[in-house]
Amino acid sequence: MKIIRGFMLIEVLIALALFALSAVILVDGAFVASRVAREMKDTRELEQDLLWVRSEVLKIADYEKISEGGELESLSMGKVNWEAFVEMTEVLDLYQVTLVLTYDGNEDYGIEPGERESAMYLLRPTWAKHSEFSSERARLLEDRKRKMQEHQDMRRRASQ
């Protein structure tokens, strides 16, 4: 009598279950990876548009125009409204600008409406002519002259 060796039915069922489980995990991982890649691409496009809008706003040299705010049309975010809040710093002709960008979003790219705020420092000597800053600038100039005079006096005393 010949004994035929093979797999038992339970072993085959366990092997099939393990194979099905690993296939499900692999397919799910592929979907997650493609979704993450798509979200990264959308985020990158959003960030690039925000950088472009910010650079366009910061090209404006006129204080009146930048303080009024405005609107730009971007490629992936749609219409972007912007406001700029300008404060003078203690450094001559250096201003802190807080830029608030509000955008409509774009359903085609999966970009939801939102708002982004960023603060930066700008060196803008032309803004000092504006009446809002002229008296503060004059005070800063006087402080600088006084400090320079004190420094020169200290050097004279040290050399004597």
Side-chain angles (χ1 to χ4, degrees), residues 20-159:
L21 185 64
S22 63
V24 166
I25 290 172
L26 223 114
V27 168
D28 185 51
F31 282 130
V32 167
S34 69
R35 186 174 62 242
V36 166
R38 187 176 61 248
E39 286 176 8
M40 285 176 60
K41 180 180 178 268
D42 292 345
T43 303
R44 187 174 57 243
E45 287 174 357
L46 173 67
E47 292 300 321
Q48 287 175 347
D49 267 7
L50 287 171
L51 286 172
W52 176 80
V53 169
R54 191 172 82 185
S55 71
E56 289 298 307
V57 169
L58 296 179
K59 284 180 186 176
I60 299 171
D62 184 18
Y63 174 75
E64 293 293 329
K65 286 183 182 177
I66 203 163
S67 62
E68 288 173 3
E71 179 180 299
L72 289 170
E73 189 72 30
S74 72
L75 293 175
S76 62
M77 293 185 312
K79 186 173 62 171
V80 179
N81 292 312
W82 59 271
E83 291 180 276
F85 303 99
V86 180
E87 295 178 35
M88 193 170 192
T89 64
E90 287 297 313
V91 178
L92 192 63
D93 297 333
L94 186 69
Y95 301 88
Q96 180 180 5
V97 178
T98 303
L99 188 62
V100 180
L101 305 174
T102 308
Y103 49 93
D104 292 341
N106 188 333
E107 289 181 16
D108 295 337
Y109 291 109
I111 297 174
E112 296 181 9
E115 183 176 290
R116 192 67 64 93
E117 183 176 315
S118 58
M120 65 223 69
Y121 291 95
L122 296 177
L123 185 64
R124 295 286 166 91
T126 58
W127 289 0
K129 297 173 186 171
H130 192 271
S131 62
E132 189 174 326
F133 303 121
S134 60
S135 62
E136 184 67 18
R137 185 172 194 271
R139 184 192 65 79
L140 288 173
L141 278 171
E142 283 300 316
D143 285 350
R144 191 168 89 176
K145 286 177 186 176
R146 183 183 45 77
K147 287 179 184 176
M148 289 174 67
Q149 187 63 44
E150 288 173 1
H151 184 69
Q152 286 175 351
D153 291 345
M154 284 176 47
R155 289 179 111 188
R156 275 191 220 122
R157 279 185 245 136
S159 67

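Throughout, numbering of the chain's residues begins at 1 and tracks the sequence.
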Note to self: According to ring-ring contact (aromatic ring centres under 6.0 Å, His included), does anything in residues 55-80 pair up with another residue at least two apart or in another chain? List the pairs.
What the structure shows: Y63-W127, Y63-H130, Y63-F133
Next item on the list: Looking only at non-hydrogen atoms, find the nearest pair between Y121 and Q96 and report the distance.
Entry: CE2-CB, 3.7 Å
Checklist line | Test side-chain contact (heavy atoms from CB on, under 4.5 Å) applied to V57 and R54, step by step | finding: CA-CA 5 Å; V57 169; R54 191 172 82 185; 5.8 Å; no
Next item on the list: Any ring-ring contact (aromatic ring centres under 6.0 Å, His included) involving residues 70-91? Give me the pairs, sequence neighbours left out, ordered by first then second residue.
Entry: none
Notebook entry, point to check: Any Lys/Arg nitrogen of E150 or K147 sitting under 4.0 Å from an Asp/Glu carboxylate oxygen of the other?
Noted result: no
Notebook entry, point to check: Looking at V80 and V53, what are the two nearest heavy atoms and their distance?
Noted result: CG1-CG1, 3.9 Å
Check: Say you draw a straight line from CZ of R156 to CE of M154; how long is it, rounded to the nearest 0.5 Å?
Finding: 12.5 Å
Note to self: Atom CZ of residue position R139 - does it have more than 12 heavy atoms of other residues, nucleotides or ligands inside 6.0 Å?
What the structure shows: yes
Check: So how far is it from T98 OG1 to M120 CE, rounded to the nearest 0.5 Å?
Finding: 7.5 Å
Next item on the list: Quick one: list whatever passes side chain to side chain donor-acceptor pair (under 3.5 Å) with D93, sequence neighbours left out.
Entry: R137
Check: For the residue pair V86 and I66, what are the closest heavy atoms and their distance?
Finding: CG2-CG2, 4.5 Å
Next item on the list: Please round to the nearest 0.5 Å and tell me the distance separating atom CG of L51 and atom OG of S74.
Entry: 12.0 Å
Next item on the list: Supply the atom-to-atom distance D49 CG to R116 CZ, rounded to the nearest 0.5 angstrom.
Entry: 11.0 Å
Notebook entry, point to check: Going through the distances and angles, do Q152 and Q149 end up as a side-chain contact (heavy atoms from CB on, under 4.5 Å)?
Noted result: CA-CA 5 Å; Q152 286 175 351; Q149 187 63 44; 3.8 Å; yes
Margin query: Tell me whether the count of non-hydrogen atoms from other residues, nucleotides or ligands lying under 6.0 Å of CZ in R146 goes above 12.
Written below: yes
Notebook entry, point to check: Could you give the distance from CD (E83) to CD (E115), rounded to the nearest 0.5 Å?
Noted result: 8.0 Å
Notebook entry, point to check: So how far is it from L101 CG to E117 CD, rounded to the nearest 0.5 Å?
Noted result: 9.5 Å
